[in-house]
Amino acid sequence: MASSDFRRLPGFRDFPPEELAFRAHLFRAWRAVARRYGFLEYDGPPLEPLELYTEKSGDEIVGQLYNFTDKGDRQVSLRPEMTPSLARILGEHARSMPKPIRWFSIPQLFRYERQQRGRLREHFQWNVDIVGEDDVSADAEVLAVAIDGLRELGLGAEDVRARVSDRRLLTALLRDGVGVPEDGMDAAFALIDKVERMPEEVAREKLAADAGLDPAQVDALLKLFELEGLDDIRAAHPEASVAEAAAPLDAYLGHLEAMGLGDFVEVDLTIVRGLAYYTGIVFELFDRQGELRAICGGGRYDRLLELVGGDPMPAVGFGMGDVVLGELLRERALAPDYERTLDYYVVVIGEEQGPAARGLAHRLRDAGHSVAYEFRDRSVGKQFKSAGTEGARSVIVLGPEEAAKGVVVLRDMASGEEERVPPESLG
RNA sequence: GUGGGCGUAGCUCAGUUGGUUAGAGCGCCAGGUUGUGGCCCUGGAGGUCGCCGGUUCAAAUCCGGUCGCUCACCCCA
């Protein structure tokens with residue numbers, strides 16, 4: 001047991017080769033899908049000025065920042081999310097860039113809070129954003145990227161679902177359909193976000209107390225969440241403002257249907273998202289069994305760029321973390337088997353073959369092959385054992401008998417077949 | 001931040017009502033005579049039983065604290 005002084009910090013992970021291989025598997029899928037949609041990769045610093053988060057992200061995030069004072073007396077924070085950095089980066093360059101801007105990143109993000117399942121103090125998050133386009137097509141495109149990211153990893157509509165809502169629609173429903181007073185809106189939004197996680201009685205009490213609703217209004221509000229689909233919602237609430245606010249979501253669903261992704265998507269008015277900067281369509285992706293936390297969340301945030309001092313610019317995007325997704329993939333046996341591989345392992349019989357072996361190995365490496373050999377003079381049996389352990393596809397044997405004839409033995413480790421070939425023919 | 005459960009080798013665990021030098025499997029290393037891997041056999045390394053303190057003739061075993069892990073709450077990337 002290592003001294004406790006050297007222990008890894010709580011909520012942080014080590015990535016030995018097997019773990020790193022799994023992480024790389026996720027990153028490969030994410031990058032492949034993002035590029036397929038024409039997105040460009042970017043990054044920013046992992047450490048940012050504290051003010052980048054304290055001002056605009058909403059109070060929720062501030063309490064859990066991994067922040068401290070640096071040696072220059074600056075108030076700094078490890079980044080808890082990527083969007084403020086993105087807004088800052090774009091604020092400096094967006095004006096000169098062709099629109100729409102389609103960017104993605106895979107930052108490591110940090111939050112100071114007690115860890116539990118699916119929630120560490122550090123994680124990697126696939127961030128995908130479209131900036132400079134307010135058409136709902138962009139919203140649909142972003143959700144399609146998220147869904148395809150999961151499909152690329154082997155998950156289908158039977159495994160995951162996207163729950164989508166629109167803050168503008170919910171606002172219209174609450175104000176004009178239910179009659180929530182203007183000063184009760186924020187409280188109502190906050191409660192709706194967590195209504196499915198609390199008993200109905202508690203929800204009723206809180207809606208009455210915090211949002212100032214009478215019992216009839218509480219009934220009307222809770223009834224909203226029993227409605228399935230946009231058509232039911234519009235039928236239940238024929239108000240003109242509702243019809244108007246439902247139009248973008250209607251088009252959104254149509255676009256996703258046209259892409260063949262309709263099976264993944266369902267309207268769910270309880271999806272609000274905690275971050276204060278969302279302004280329109282919002283969504284979260286969950287495993288169908290509902291055992292895990294949200295895999296991904298995102299939506300439209302049209303005002304964020306101007307809030308951090310940039311030009312006003314519409315934006316829509318999402319973040320997908322590696323922790324919950326990793327749990328889901330492992331649970332569904334979709335994590336690839338880890339295996340070591342090597343193109344060649346060079347077995348040396350007798351120290352006098354050493355120089356020839358090193359020469360051959362290096363020539364093969366120059367040609368792009370992975371090659372390893374034993375560092376010490378060891379028995380042939382041990383050398384073959386190492387070749388097997390390291391996953392060598394072929395073993396090249398250099399021995400005195402072969403050297404005399406100017407050949408080497410080439411053994412295929414899978415089939416066990418051997419042939420004698422001149423070393424110049426390899427590579 | 002609040003509460004519950006847990007804490008024995010790298011990993012998975014066993015350790016009988018507290019009682020002599022704390023065990024197994026897997027993994028690792030070495031060997032089974034420098035010409036052939038997967039199997040097998042033999043041997044070895046590796047633990048101050050998370051840490052500190054208390055009770056006792058005696059503590060891995062009981063008690064307290066602390067740290068860590070974990071689940072839930074809070075909150076949500």
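These numbers come from a predicted model, not from an experiment. Chain letters run A, B, ... following the sequence lines, proteins first and then strands; every chain starts at 1. Any value given below was found using the heavy atoms of this structure, including those in side chains, with hydrogens, waters and symmetry copies removed.
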Classify the nucleic acid contact of Pro10(A) as base, sugar-phosphate or nothing, counting any heavy atom under 4.0 Å across all strands shown.
sugar-phosphate
Would Arg102(A) and Glu133(A) pass as an ion pair if we require N to O under 4.0 Å?
no
Would you say Gln115(A) places a side-chain N or O within less than 4.0 Å of OP1 or OP2 belonging to C69(B)?
yes
Under a 3.5 Å limit for both distances, which nucleotide forms a Watson-Crick or G-U wobble pair with U55(B), could you say?
none
By nearest atom, which of the nucleotides G35(B), C74(B), C69(B) is closest to the Gln116(A) side chain?
C74(B)
Tell me whether the side-chain N/O atoms of Lys382(A) come closer than 4.0 Å to OP1 or OP2 in U34(B).
no
Taking CD from Glu18(A) and P from C11(B), how many angstroms apart are they, rounded to a whole number?
14 Å
Reckon Gly381(A) touches a base, only the sugar-phosphate, or nothing at all at heavy-atom distances under 4.0 Å?
sugar-phosphate
Determine, step by step, whether Phe15(A) and Phe22(A) satisfy the ring-ring contact (aromatic ring centres under 6.0 Å, His included) criterion, reporting the C-alpha distance in whole Å, the side-chain angles of both residues, the deciding distance to 0.1 Å, and the verdict.
CA-CA 9 Å; Phe15(A) 290 91; Phe22(A) 181 68; 9.7 Å; no
Considering only NZ, NE, NH1 and NH2 on the basic side and carboxylate oxygens on the acidic side, decide whether Asp70(A) and Arg74(A) come within less than 4.0 Å.
yes
Is Arg378(A) near enough to A30(B) that one of its side-chain N or O atoms lies under 4.0 angstrom from OP1 or OP2?
yes
Send over the distance from Asp412(A) CG to G38(B) C1', rounded to a whole Å.
14 Å
Single hit among Asp302(A), Val131(A), Asp134(A) for side chain to side chain contact (heavy atoms under 4.5 Å, CB included) with Met313(A):
Val131(A)
Distance between P atoms of A60(B) and G32(B) (Å, rounded)
41 Å
Select base, sugar-phosphate, or nothing to describe what Gly297(A) touches, counting heavy atoms under 4.0 Å on all strands.
nothing
Are any of Gln383(A)'s side-chain N or O atoms less than 4.0 Å away from OP1 or OP2 of U34(B)?
no
If you go through the side-chain atoms of Arg376(A), does one of them form a donor-acceptor pair with the base of U34(B) closer than 3.5 Å?
no
So what's A22(B) paired with, Watson-Crick or G-U wobble, going by both distances under 3.5 Å?
none
Could you tell me the separation between the CG atom of Leu109(A) and the C1' atom of C76(B), rounded to a whole number of Å?
13 Å
C1'-based separation of C63(B) from G18(B) [nearest Å]:
13 Å
Go through the N and O atoms of the side chain of Arg411(A) and the base of G37(B), and report whether any donor-acceptor pair is under 3.5 Å.
yes
Provide, to the nearest angstrom, the distance between the CD1 atom belonging to Ile192(A) and the P atom belonging to C76(B).
14 Å
Looking across every strand, which nucleic acid part, if any, lies under 4.0 Å from Ile295(A) by heavy atom: base, sugar-phosphate, or nothing?
nothing
Report the nucleotide, chosen from A30(B), C75(B), G37(B), that has the shortest atom-to-atom distance to any side-chain atom of Met413(A).
G37(B)
Donor-acceptor pair under 3.5 Å: do we get one between Glu351(A)'s side chain and the base of U34(B)?
no
Need the pair for A60(B). Rule: Watson-Crick or G-U wobble, both distances under 3.5 Å, any strand; none if unpaired.
none
Quick one, Trp126(A) with Phe318(A), criterion ring-ring contact (aromatic ring centres under 6.0 Å, His included). Give me CA distance, side-chain angles, the key distance, then yes/no.
CA-CA 8 Å; Trp126(A) 185 31; Phe318(A) 71 82; 5.3 Å; yes
Nearest whole angstrom, please: distance from the C1' of G35(B) to the NZ of Lys385(A).
17 Å
In whole Å, measure the gap between the P atoms of G31(B) and U12(B) for me.
30 Å
Quick one: Arg420(A) CZ to U36(B) P, roughly how many Å, whole number?
13 Å
In whole angstroms, how far is the C1' atom of U34(B) from the CD atom of Gln353(A)?
12 Å
Report the base-pairing partner of G7(B) (Watson-Crick or G-U wobble, both distances below 3.5 angstrom), or none.
C67(B)
Between Arg119(A) and C73(B), does any side-chain N or O lie under 4.0 Å from OP1 or OP2?
no
Check the distance between C76(B)'s P and Tyr66(A)'s OH and give it to me in whole angstrom.
21 Å
Regarding Arg121(A), tell me which of base, sugar-phosphate or nothing describes its non-hydrogen contacts under 4.0 Å with the strands shown.
nothing
So, are Glu113(A) and Arg121(A) salt-bridged, with charged N and O less than 4.0 Å apart?
no
If pairing requires Watson-Crick or G-U wobble contacts with both distances under 3.5 Å, which nucleotide is the partner of U16(B)?
none
Please figure out whether Leu9(A) or Gly388(A) has its closest RNA chain B nucleotide nearer the 5' end.
Gly388(A)
With both distances under 3.5 angstrom, what nucleotide forms a Watson-Crick or G-U wobble pair with U2(B)?
A72(B)
Check whether the side chain of Glu402(A) and the base of G35(B) form a donor-acceptor pair under 3.5 Å.
yes
Among G38(B), U70(B), C75(B), find the nucleotide with the atom closest to the side chain of Lys194(A).
C75(B)
Proximal nucleotide (of C76(B), G37(B), G35(B)) relative to the Val409(A) side chain:
G35(B)
Is a side-chain donor-acceptor pair under 3.5 Å present for Gln64(A) with Arg111(A)?
yes
Would you please say whether a donor-acceptor pair under 3.5 Å links the side chains of Gln383(A) and Arg376(A)?
no
